[in-house]
Amino acid sequence: MKQESKPIHILFADDDIDDRFFFDAVISALPIPTTLKIFEDGEQLMKNLAKNSDNLPDVLFLDLNMPKINGIKCLVEIKKNKKLKQLPVIIYSTSVPDNIADLLYNTGAHYFVLKTGIIELQNVLHFVLNRLLEKSFVKPAREHFILIPASDT
């Protein structure tokens with residue numbers, strides 16, 4: 001009898017209501033057991049991480065451009081904190097200039113994912129979640145940091 005795997009615990013911080021809706025919908029449609037907690041800004045996220053630093057999620061998807069505390073500041077604080085620094089962080093945003101990508105990579109983000117369509121998001125989430133399930137989720141070399149979502153078309 002196959003043992004049920006423990007759900008992958010995901011945090012998602014994004015101030016855009018449509019992005020939150022689509023992310024949740026795509027996660028819910030995947031055949032991988034997950035739990036998802038969503039935050040509307042970086043301040044809510046950081047308060048939650050501080051309160052739950054002994055029970056971290058498996059991965060954090062983090063938007064760069066949020067009110068109160070932006071994604072870069074969140075990433076810096078996470079990676080400076082010895083209780084939080086092992087948390088895999090995937091930046092999820094509309095664009096990333098090379099100098100910002102270098103900063104994010106050097107600060108400790110695992111990947112950068114460009115916000116595109118639903119199919120591309122589904123493919124990226126499937127890739128990431130499968131790596132987490134297989135315990136093979138590692139930070140790539142810089143040239144593979146930006147995940148270019150492939151569509152099925």
Side-chain angles (χ1 to χ4, degrees), residues 7-30 32-53 55-81 83-133 137-152:
I8 296 172
H9 184 52
I10 303 165
L11 297 186
F12 179 57
D14 196 314
D15 63 313
D16 185 284
I17 192 167
D18 291 331
D19 288 338
R20 293 193 308 265
F21 173 80
F22 289 124
F23 194 93
D24 186 26
V26 170
I27 286 286
S28 298
L30 289 175
I32 299 169
T34 60
T35 61
L36 176 63
K37 186 161 188 156
I38 297 175
F39 302 92
E40 296 178 11
D41 61 56
E43 186 176 71
Q44 287 179 356
L45 169 70
M46 295 309 294
K47 284 180 182 177
N48 179 271
L49 286 173
K51 188 170 67 173
N52 296 297
S53 64
N55 188 24
L56 293 177
D58 295 301
V59 67
L60 164 63
F61 286 85
L62 181 62
D63 182 33
L64 282 182
N65 302 308
M66 294 185 293
K68 298 182 182 175
I69 303 175
N70 69 34
I72 293 174
K73 288 181 183 173
C74 289
L75 178 64
V76 167
E77 290 304 311
I78 289 166
K79 296 305 175 178
K80 280 188 347 188
N81 184 315
K83 285 188 167 189
L84 303 177
K85 69 181 178 182
Q86 296 305 316
L87 173 62
V89 178
I90 298 173
I91 304 299
Y92 180 62
S93 199
T94 52
S95 67
V96 62
D98 280 342
N99 64 328
I100 300 298
D102 289 340
L103 172 68
L104 295 168
Y105 183 82
N106 292 333
T107 302
H110 278 64
Y111 285 104
F112 179 90
V113 176
L114 193 62
K115 290 182 181 180
T116 54
I118 291 176
I119 299 298
E120 294 85 359
L121 177 58
Q122 182 179 14
N123 291 337
V124 164
L125 289 174
H126 199 265
F127 167 81
V128 168
L129 298 181
N130 275 322
R131 296 301 171 292
L132 287 166
L133 281 174
F137 190 77
V138 295
K139 185 175 176 175
R142 170 60 181 91
E143 61 268 19
H144 301 293
F145 173 62
I146 299 175
L147 284 179
I148 307 296
S151 67
D152 287 337

How close do [X] and [Y] get, heavy atom to heavy atom, and via which atoms?
X	Y	value
Lys79	Gln86	NZ-C, 4.5 Å
Gly108	Leu75	C-CD1, 4.4 Å
Thr34	Ile27	OG1-CG2, 3.2 Å
Tyr92	Leu114	CE1-O, 4.4 Å

Would you call the rings of Phe112 and Phe145 parallel, tilted or perpendicular, where under 30° means parallel and over 60° means perpendicular?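 Rings of Phe112 and Phe145: tilted, 30 to 60°.
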
Do [X] and [Y] make a side-chain contact, defined as non-hydrogen atoms from C-beta onward lying under 4.5 Å apart?
X	Y	answer
Thr107	Val89	no
Asp14	Phe22	no
Leu125	Phe61	yes
Leu104	Ile72	yes
Asp15	Asp41	no

Output yes when Lys115 and Asp63 qualify as a salt bridge under the 4.0 Å nitrogen-oxygen rule, no when they do not.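 Yes, charged N to carboxylate O under 4.0 Å.
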
Working to the nearest 0.5 Å, report the span between CD1 of Ile100 and CD1 of Ile91.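 Here the interatomic distance stands at 11.0 Å.
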
